[in-house]
Amino acid sequence: MNYIHDTIAHLKQTSPAQCEFYQAVEEVLESLEPILENSADYQKNAIIQRLVEPERQIMFRVPWVDDDGNIHVNKGYRIEFNSSLGPYKGGLRFHPSVNASIIKFLGFEQIFKNALTGLPIGGGKGGANFDPKGRSDSEIMRFCQSFINELYRHIGPTTDVPAGDIGVGAREIGYMFGQYKRLTGRYDGAFTGKSLLWGGSLARKEATGYGAVYFANYMLQDNDDSLKGKRCLVSGAGNVAIYAMEKLYQLEATPITCSDSSGTLYHESGIDVALVKKLKEGARESLAVYLETHSDAKYIACADYPSDGHAVWRFVADAAFPCATQNELTEADARTLISNGCILVCEGANMPSTKEAVDVLLAAKIAYGPGKAANAGGVATSQLEMAQNASMQMWTFEEVDTKLQQIMKNIFDTASNTAAEFDQPGNLVLGANIAAFRRVADAMIEQGVV
Ligand SMILES: NC(=O)C1=CN([C@@H]2O[C@H](COP(=O)(O)OP(=O)(O)OC[C@H]3O[C@@H](n4cnc5c(N)ncnc54)[C@H](O)[C@@H]3O)[C@@H](O)[C@H]2O)C=CC1
Ligand SMILES: O=C(O)CCC(=O)C(=O)O
């Protein structure tokens with residue numbers, strides 16, 4: 001275990017104050033113990049030391065003008081973490097909490113997630129500490145254009161292909177692509193998550209949420225069970241949460257909660273997903289407005305959350321789908337879920353469970369699908385979008401969805417078989433980390449010290 005301590009100590013010295021990044025690295029390194037112990041090759045090639053240092057970190061100024069003529073300056077980032085398996089691939093996050101630590105943890109996770117898909121994509125991530133909340137369409141457009149005024153020179157269909165994440169959806173991708181096209185004179189697949197009118201893929205919008213629910217069902221089927229009839233807790237009310245809830249209904253399960261940054265919605269008879277979609281994808285309103293249509297639902301404002309966790313996880317249910325943000329499910333939440341009889345936690349978000357929560361879930365031996373495996377359907381479908389762009393084709397929704405289901409099944413089987421190979425059956429954290437690491441590390445060795 002010395003290498004974990006040494007690596008984290010080195011990171012603390014060379015990349016100070018990046019606690020989310022250390023958390024992501026530590027989780028992966030802990031899983032790798034059984035494989036690193038027996039491989040002189042990985043040690044001789046300094047794979048860990050090379051893996052934790054991004055190939056390139058781009059940080060830049062994003063100046064923009066608001067509707068009243070005031071000038072603002074934000075920080076922009078793109079971390080090109082690892083290209084051993086293909087062009088850097090990963091989303092852009094616009095949220096006031098964005099900093100180097102957040103983007104590095106996301107980029108690091110993306111390396112392994114992308115490896116698990118079995119597709120030729122490397123890992124990267126980017127974003128800005130910009131708060132889109134309350135901004136007009138014109139302000140969003142000017143911000144996106146300014147962001148691309150710098151980023152355009154670093155991206156392209158065979159180098160680095162950004163997509164959406166928190167605060168970045170089809171509207172923002174449209175404005176960024178428009179500016180990329182204007183600056184480069186190229187009409188190519190430098191972004192995914194594009195509009196269906198001009199190069200997007202059917203089922204990309206749905207893919208992360210649908211994929212996480214497929215993954216959950218594969219976990220349950222492995223125990224001769226399924227999602228049918230299960231009551232489910234979902235957090236978030238954005239892209240991932242909405243399509244996770246939609247797929248849960250299609251598989252005859254019932255989502256009874258969702259949440260946004262102001263509070264948690266609980267609807268005993270089941271969340272009205274069409275209404276949430278209308279509120280969030282259309283008018284961009286608070287979930288509190290839901291009560292105007294459904295007076296039997298409850299809305300718990302953030303100020304009334306338990307001090308040691310999140311309101312969502314305190315409701316009694318069979319399964320939990322964290323789909324909002326990192327570290328949103330605490331140790332206390334994990335304990336509550338288990339004592340309330342929850343048998344499955346499947347992560348739509350990236351690193352939504354704290355390290356202590358993960359330890360509780362693994363110790364309880366419930367079905368636990370870590371984010372880098374369970375939410376890989378989004379980036380996998382982005383790669384399908386790249387394949388369609390490169391071949392100038394557009395596949396049907398059914399074709400893309402069938403491929404997505406197959407990819408999620410392969411990821412589940414790979415993680416599950418690898419966990420069994422290392423004598424920890426059911427531990428998908430260990431299985432996913434080792435399987436992904438082997439693919440990336442072996443590619444790095446074959447490509448030499450670069
Ligand atoms: N969009 C995608 O294809 C993928 C997204 N993810 C992850 O899924 C999660 C959700 O992303 P999206 O649904 O795309 O974003 P989104 O912007 O569409 O929705 C995010 C949701 O989470 C809530 N949220 C965000 N930050 C919060 C905070 N600090 N506290 C409480 N609530 C907060 C927002 O209110 C919103 O309801 C993120 O962790 C993201 O990294 C993972 C894989 C792919
Ligand atoms: O579709 C993509 O390229 C990015 C998806 C993403 O950001 C993620 O998997 O966290």
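Whatever order the structure lists ligands and atoms in, that order sets their numbers, starting from 1.
S201 and Q388 are linked by a side-chain donor-acceptor pair at a separation below 3.5 angstrom, with hydrogens and angles left out of the test. The closest side-chain donor-acceptor pair between N239 and E281, if any, does not fall under 3.5 angstrom. Of the N and O atoms on the side chains of T254 and K230, not one donor lies less than 3.5 Å from an acceptor on the other residue. Donor-acceptor pairing under 3.5 Å is recorded for the side chains of Y305 and T264.
Near K89, meaning under 4.0 Å from one of its heavy atoms, ligand 2 places the atoms 2 (C), 3 (O). Of all atoms in ligand 2, numbered sequentially from 1 with element shown, those under 4.0 Å from a heavy atom of G164 are 7 (O). In the vicinity of H95, heavy-atom distances shorter than 4.0 Å reach the ligand 1 atoms 26 (N). Atom numbering of ligand 2 starts at 1 in the shown order; those under 4.0 Å from a heavy atom of R204 are 1 (O), 2 (C), 5 (C). Numbered from 1 in the order shown, with element, the atoms of ligand 2 that lie under 4.0 Å from a heavy atom of S382 read 1 (O), 2 (C), 3 (O). Counting the atoms of ligand 1 from 1 in the order shown, those under 4.0 Å from a heavy atom of K113 are 43 (C). Applying the 4.0 Å criterion to heavy atoms of G348 picks out, from ligand 1, the atoms 6 (N), 7 (C), 8 (O), 42 (C). Interface atoms of ligand 1 facing C323, defined by a heavy-atom separation under 4.0 Å, are 9 (C), 10 (C). Using a 4.0 Å cut-off to heavy atoms of N375, the atoms of ligand 1 that qualify are 42 (C), 43 (C). When each atom of ligand 1 is checked for a heavy atom of R93 under 4.0 Å away, the hits are 38 (C), 39 (O), 40 (C), 41 (O). Below 4.0 Å from some heavy atom of A163 lie the following atoms of ligand 2, by number and element: 1 (O), 2 (C), 3 (O), 4 (C).
Annotation: atom 19 (O) of ligand 1 to nearest protein heavy atom, G238 CA, 3.2 Å. Protein heavy atom at the shortest distance from atom 38 (C) of ligand 1 is A324 O, 3.3 Å. Nearest non-hydrogen protein atom to atom 35 (O) of ligand 1 is S261 N, 3.2 Å. With hydrogens left out, the protein atom closest to atom 27 (C) of ligand 1 is T325 CG2, 3.8 Å, a heavy atom. Given atom 13 (O) of ligand 1, the protein heavy atom at minimum distance is V240 N, 2.9 Å. Ranking protein heavy atoms by distance to atom 18 (O) of ligand 1, first place goes to N239 N, 2.9 Å.
Here the side chain of T117 pairs no donor or acceptor atom with the backbone of K113 at under 3.5 angstrom. Using a distance-only test at 3.5 Å, with no hydrogens or angles considered, a donor-acceptor pair links the side chain of S259 to the main chain of G236. Under a 3.5 Å cut-off, the side chain of E252 and the backbone N or O of L227 do not form any donor-acceptor pair. For K280 (side chain) and E285 (main-chain N/O), a donor-acceptor pair under 3.5 Å exists by modelled atom type. Under the 3.5 Å distance criterion, the side-chain polar atoms of Q110 are left unmatched by any main-chain donor or acceptor of G123. Between the N74 side chain and the A128 main chain, no donor and acceptor come within less than 3.5 Å of each other. The main-chain N or O of V429 is found under 3.5 Å from a side-chain atom of N427 such that the two form a donor-acceptor pair.
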What's the verdict on ring-ring contact (aromatic ring centres under 6.0 Å, His included) for H267 and Y290, showing C-alpha distance, side-chain angles and the deciding distance? CA-CA 10 Å; H267 200 170; Y290 184 99; 5.6 Å; yes
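Between A237 and ligand 1, a contact under 3.5 Å exists for at least one N or O pair. An N or O contact shorter than 3.5 Å is missing between Q326 and ligand 1 by distance. Of the N or O atoms in R204, one or more lie within a sub-3.5 Å distance of an N or O in ligand 1. Where the criterion is an N or O separation shorter than 3.5 Å, residue side chain and backbone included, G378 fails it with respect to ligand 1. At under 3.5 Å, a nitrogen or oxygen of G91, whether backbone or side chain, sits near a nitrogen or oxygen of ligand 2. The distance criterion of under 3.5 Å between nitrogen or oxygen atoms is met by N350 with respect to ligand 1. The shortest N or O to N or O distance between G167 and ligand 1 is below 3.5 Å. Not a single N or O atom of N375, backbone or side chain, sits closer than 3.5 Å to an N or O atom of ligand 2.
Between Q326 and I102, some side-chain heavy-atom pair lies under the 4.5 Å cut-off.
Contacts with ligand 2 closer than 4.0 Å are made by no heavy atom of L106, backbone or side chain. The part of K113 lying near ligand 2 is the side chain, judged by heavy-atom distances below 4.0 Å.
Heavy atoms only, all atoms of each residue included: Q23 and T354 are closest at NE2-CA, 4.0 Å.
Residue-ligand proximity: S259 is placed with a non-hydrogen atom under 4.0 Å from ligand 1. Close to ligand 2: K125, with a non-hydrogen atom less than 4.0 angstrom away. Distances shorter than 4.0 angstrom do not occur between any heavy atom of A376 and any atom of ligand 2.
In this structure, K403 forms a cation-pi arrangement with W395, its terminal cationic atom sitting closer than 6.0 Å to the ring centre and no more than 45° off the ring axis.
The heavy atom nearest to atom 20 (C) of ligand 1, out of those in I102, I166, D165, is found in I166. Here the shortest heavy-atom distance to atom 4 (C) of ligand 1, taken over V312, T208, L106, T381, belongs to T208.
When the options F94, F177, W64, Y180 are evaluated for a ring-ring contact (aromatic ring centres under 6.0 Å, His included) with F147, the one that passes is F94. Between Y88 and the choices R78, H154, E55, the side-chain hydrogen bond (donor to acceptor under 3.5 Å, both in side chains) rule is met once, by E55.
Ring orientation note: the planes of Y214 and Y210 are nearly perpendicular, at an angle over 60° on the 30°/60° scale.
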